[in-house]
Asker: 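To start, I am sharing the structure in question, which I have written as structure tokens.
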Amino acid sequence: MPATKFTTPEKYKYQNGFGSYHESEAIEGALPVGANAPQKPPYGLYTEKLSGTSFTAPRHENQQTWLYRVLPSAAHSPFIPREFTSNNTNPDTQQMHQIPNQLRWDPFDLDESVDWVHGLKLVAGAGDPTLKHGIGILIFAAGKSMGKNEAFYSADGDFLIVLQHGVLDIQTELGHILVRPNEICVIPRGVRYRVELPDGPVRGYILELYSGHFQLPELGPIGSNCLANARDFQAPVAYFEEDTMGEYEIISKFNGHLFVATQTHTPFDVVAWHGLYYPYKYDLGRFNTIGSISFDHPDPSIFTVLSAPSAHPGTAIADFVIFPPRWLVGEDTFRPPWYHRNTMSEFMGLIGGEYDAKSGGGFRPGGASLHNIMSAHGPDAETHQKASEAQLQPMKVGEGSMAFMFESCLMVGVTDWGLNLCRKVQEDYNEESWTRLKPHFQIPEGVRRMDNRVDEGPKEELVASMRLHS
Ligand SMILES: [Fe+2]
């Protein structure tokens, strides 16, 4: 079965399909039939609409969900600013370093002392949540479950969560999602959730998308299947709790700042919902990898799982790209990635195993690298040598490994935390990787070097002709 063999068994039911109109009810008959907002919704529930796009967004982009809940989300005390000292999600309070150097980080530290909300660290980013334009790249490391009476949401963007270590048991307003390493999860802007850690400490990466929402990439001549297939995305089924006499805290990430409001009712009281705006997960082991079966290898865009397009067709604010285990069969081909300079920025991470384009163990699970706009990169010296001399038999690469990339058309700045405070930047990355590359260039005897200047002819003729015309 082309799917990840998880050590932690699944515990929840899901609805399958990407971009599908889903509906789910935890009590039979809780969903109104025909109408969205009847005068009296079933069972005395309140109707609440959650908009993921503007009301007037084109139909193919329009995303909204109707919630039928015990009490509306609006019933809470005013939000009060509460920045956590260990937290660092706010791009306003720190300098963003824009630097052209290639960067690589050692694995980020696990932190067992904090929960999900306190364990978010902005490492890099571009743009501005207030303009709904750009991305934030966060590292998370936590060891404690969120409080039973807490819920978190980001007003800034959609969280694409790439889990590297541990297990996330996420209770969202729309139902539960279990996330295990090699699974990713997307929680859209505004959806409230709490994160439990049933398996101890967790670590991973988040791409926060300030602009729009993720889509499946166009398939062009590939046809109507392959890459990430729509049916493999899983959305939760409705689940609700009942408590209107308690004490609950809603934590809001709003322009990178954190605010807290209190309320007496559980935020997880949605009895039924229907719509297109919901969290979902996907097992990267189900990705149908496409590659060359003749020579050369295609651009890495062939490995795109999800894409957040800009207004310019074919140019993404962010692509989520993976490098799964795959067969390499190219004849007369340098099989690792070519050396390149990219007009897009590339942030990479490693979920597990060894990435096939790098040797020496410098790029490790839980670590990362950033090759910003036009920062030159490619295989390190050892990988180049091996690949240049390898017997070109069919071979499987990346067995047991999963590397990924957040690729963006934007220049990505690195936060103070990312560059200094985390203390994970490898000072010798460039030297280790590329300054060791040796020249192999030779001009064999008898091979003529071409002149790049226009032949002006004999000098005497030129002077004579000038005399004639003077
Ligand atoms: Fe690259």
Asker: Sequence neighbours left out, what passes ring-ring contact (aromatic ring centres under 6.0 Å, His included) with His340? Give chain and number order.
Answerer: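 Expected list: Trp338, His377.
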Asker: Looking at side-chain heavy atoms only, is the closest gap between Tyr21 and His274 below 4.5 Å?
Answerer: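 Tyr21 vs His274: side chains touch.
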Asker: Is there a side-chain contact between Cys422 and Val123, using heavy atoms and a 4.5 Å cut-off?
Answerer: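 With C-beta onward as the side chain, the pair stays apart.
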Asker: How many angstroms lie between CG in Asp158 and CG in Leu160, if you round to the nearest 0.5 Å?
Answerer: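 Atom-to-atom, Asp158:CG and Leu160:CG are 9.0 Å apart.
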Asker: Set out, in order, the CA-CA distance, both residues' side-chain angles and the distance that settles ring pair (Phe, Tyr, Trp, His ring centres under 6.0 Å) for Tyr248 and His76, then state yes or no.
Answerer: CA-CA 9 Å; Tyr248 292 87; His76 62 77; over 10 Å; no
Asker: Can you tell me if Thr264 uses its side chain to pair, donor with acceptor, with the backbone of Glu247 under 3.5 Å?
Answerer: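 Checked: no pair found.
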Asker: Would you call Ser24 and Gln15 a side-chain contact if the rule is heavy atoms closer than 4.5 Å?
Answerer: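 Yes, close enough: below the 4.5 Å cut-off.
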Asker: Kindly say whether the aromatic ring centers of Phe268 and Tyr239 come within a distance under 6.0 Å.
Answerer: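 Judged by ring-centre distance (under 6.0 Å), Phe268 and Tyr239 do not meet the cut-off.
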Asker: Would you mind telling me which of Asp115, Leu168, Val167 makes a side-chain contact (heavy atoms from CB on, under 4.5 Å) with Leu197?
Answerer: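 Of all the options given, the one that passes is Leu168.
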Asker: Would you say that Ser73 contacts Arg192 through its side chain, given a criterion of any heavy-atom pair below 4.5 Å between the two side chains?
Answerer: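 Answer yes - side chains close enough.
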Asker: Using modelled atom types only, decide if a donor and an acceptor are shared between the side chain of His165 and the backbone of Leu110 within a distance under 3.5 Å.
Answerer: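 Flag not set: sc His165 to bb Leu110 has no pair under 3.5 Å.
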Asker: Are Gln171 and Met146 packed together at the side-chain level, in the sense that at least one heavy-atom pair is separated by less than 4.5 angstrom?
Answerer: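 They are not in contact (no side-chain heavy atoms under 4.5 Å apart), so the answer is no.
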Asker: So, Arg189 side chain and Asp156 main chain: donor-acceptor pair closer than 3.5 Å or not?
Answerer: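 Yes, the answer is positive, given that a donor and an acceptor are paired below the 3.5 Å cut-off.
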Asker: Hey, are the side chains of Leu284 and Glu183 touching, using non-hydrogen atoms and a 4.5 Å cut-off?
Answerer: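 Heavy-atom side-chain distance check fails, nothing below 4.5 Å.
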Asker: Surrounding CD of Glu10 (heavy atoms of other residues, nucleotides or ligands, distance under 6.0 Å), is the total greater than 12?
Answerer: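 Correct, the count exceeds 12.
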Asker: Exactly one of Tyr355, Phe363, Tyr205 should register a ring-ring contact (aromatic ring centres under 6.0 Å, His included) with Phe404. Which one does?
Answerer: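 Testing each of Tyr355, Phe363, Tyr205 against Phe404, the sole residue satisfying ring-ring contact (aromatic ring centres under 6.0 Å, His included) is Tyr205.
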Asker: Got a second to check how far Glu61's CD is from Thr56's OG1, nearest 0.5 Å?
Answerer: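 Spacing of CD (Glu61) from OG1 (Thr56) equals 10.5 Å.
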Asker: Check this for me: does any side-chain nitrogen of one of Glu196 and Lys148 sit under 4.0 Å from a carboxylate oxygen of the other?
Answerer: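 Looking at Lys148 together with Glu196, the answer is yes, because their closest N to O distance falls below 4.0 Å.
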Asker: Is a side-chain donor or acceptor of Gln263 paired with a backbone partner of His265 at a separation under 3.5 angstrom?
Answerer: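 A pair under 3.5 Å: yes.
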Asker: Grab the two heavy atoms, one from Val271 and one from Ala238, that are nearest each other, plus how far apart they are.
Answerer: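 Between these two residues, the closest heavy atoms are O-CB, 3.6 Å.
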Asker: Show, in sequence, the C-alpha distance, side-chain angles and deciding distance for Phe214 and Phe320, and conclude whether the ring pair (Phe, Tyr, Trp, His ring centres under 6.0 Å) test is met.
Answerer: CA-CA 9 Å; Phe214 292 101; Phe320 174 60; 8.0 Å; no
Asker: Check the side chains of Asp243 and Thr266 for a donor-acceptor pair under 3.5 angstrom, ignoring hydrogens and angles.
Answerer: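 Absent: no donor and acceptor within the cut-off.
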Asker: Would you call Arg203 and Asp109 a salt bridge, taking side-chain N to carboxylate O under 4.0 Å as the test?
Answerer: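 No salt bridge links Arg203 with Asp109.
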Asker: Sorted by first residue and then second, give each ring pair (Phe, Tyr, Trp, His ring centres under 6.0 Å) pair with at least one member in residues 27-60; sequence neighbours left out.
Answerer: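 Not a single pair qualifies under ring pair (Phe, Tyr, Trp, His ring centres under 6.0 Å).
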Asker: Mind checking the CZ-CD1 spacing from Phe406 to Ile317? Nearest 0.5 Å is all I need.
Answerer: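 Rounded to the nearest 0.5 Å, the CZ-CD1 separation comes to 15.5 Å.
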Asker: CG/Leu370 to CG/Asn101 distance, rounded to the nearest 0.5 angstrom?
Answerer: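 Spacing of CG (Leu370) from CG (Asn101) equals 10.5 Å.
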Asker: Other residues, nucleotides and ligands only: do more than 12 of their heavy atoms fall within 6.0 Å of CZ on Phe6?
Answerer: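 Counting neighbours around CZ of Phe6, more than 12 heavy atoms of other residues, nucleotides or ligands fall under 6.0 Å, so yes.
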Asker: What do you reckon, is NZ of Lys13 surrounded by more than 12 foreign heavy atoms closer than 6.0 Å?
Answerer: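 No.
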Asker: Is any side-chain heavy atom of Pro365 closer than 4.5 Å to one of Pro107?
Answerer: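 Side chain of Pro107 against side chain of Pro365, heavy atoms only: no contact under 4.5 Å found.
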Asker: Which pair of heavy atoms, one from Leu163 and one from Pro181, lies closest together, and at what distance?
Answerer: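 Minimum heavy-atom separation between Leu163 and Pro181: CD2-N, 3.5 Å.
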Asker: Under a plain distance cut-off of 3.5 Å, with no hydrogens placed, do Asn342 and His371 share a side-chain donor-acceptor pair?
Answerer: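 No - no donor-acceptor pair under 3.5 Å links their side chains.
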Asker: Judged by modelled atom types alone, do Glu208 and Ser154 share a side-chain donor-acceptor pair under 3.5 Å?
Answerer: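 The answer is yes; a qualifying pair exists.
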Asker: Is a donor from one side chain sitting under 3.5 angstrom from an acceptor on the other, for Ser77 and Thr262?
Answerer: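 Side-chain D/A pair, Ser77 to Thr262: present.
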Asker: What I want to find out is whether Arg194 reaches Glu150 closely enough, with some N-O distance under 4.0 Å, to be called a salt bridge.
Answerer: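 No, this pair does not count.
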Asker: Whether the side chain of Thr304 engages the backbone of Pro217 through a donor-acceptor N/O pair (distance < 3.5 Å, no angle test) should be reported.
Answerer: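 No, Thr304 side chain to Pro217 backbone: no donor-acceptor pair under 3.5 Å.
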Asker: Quick one: pull up CZ in Phe287 and CG in Asp232 and give me the separation to the nearest 0.5 Å.
Answerer: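 Rounded to the nearest 0.5 Å, the CZ-CG separation comes to 11.0 Å.
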Asker: If you apply the rule ring pair (Phe, Tyr, Trp, His ring centres under 6.0 Å), what do you find for Phe303 with Phe323, and how did you get there?
Answerer: CA-CA 7 Å; Phe303 303 129; Phe323 302 93; 5.5 Å; yes
Asker: Ignoring hydrogens and geometry, is there a side-chain-to-backbone donor-acceptor pair from Arg286 to Asn229 under 3.5 Å?
Answerer: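 Looks like no, no N/O pair under 3.5 Å.
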Asker: Indicate, with yes or no, if the rings of Trp417 and Phe108 have centres closer together than 6.0 Å.
Answerer: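 That pair passes the under 6.0 Å test.
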Asker: Between Lys11 and Asp169, is the salt bridge (charged side-chain N to carboxylate O under 4.0 Å, His left out) condition met? List the steps.
Answerer: CA-CA 10 Å; Lys11 42 195 284 205; Asp169 191 340; 2.8 Å; yes
Asker: Answer yes if the side chains of Asp106 and Gln426 hold a donor-acceptor pair under 3.5 Å, and no otherwise.
Answerer: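 The answer is yes; a qualifying pair exists.
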Asker: Is any side-chain heavy atom of Leu419 closer than 4.5 Å to one of Ile99?
Answerer: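 Yes - at least one pair of side-chain heavy atoms lies under 4.5 Å apart.
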Asker: Would you say the side chains of Thr130 and Asn255 form a donor-acceptor pair under 3.5 Å?
Answerer: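 Result is no, nothing qualifies.
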Asker: Measuring from atom NE2 of His22 to atom OH of Tyr280, what distance do you get when rounded to the nearest 0.5 angstrom?
Answerer: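 Going from NE2 on His22 over to OH on Tyr280, the span is 11.0 Å.
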Asker: Using a cut-off of 6.0 Å, state whether more than 12 heavy atoms not belonging to Gln98 lie near its atom CD.
Answerer: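 Count over threshold, so yes.
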Asker: Does the ring center of Trp116 lie less than 6.0 Å from the ring center of Phe140?
Answerer: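 Centroid distance Trp116-Phe140: below 6.0 Å, so yes.
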Asker: Got a sec, which residues hit ring-ring contact (aromatic ring centres under 6.0 Å, His included) with Tyr12, two or more places apart in sequence or on another chain?
Answerer: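 Counting only residues at least two positions away or on another chain, Tyr12 forms a ring-ring contact (aromatic ring centres under 6.0 Å, His included) with His176.
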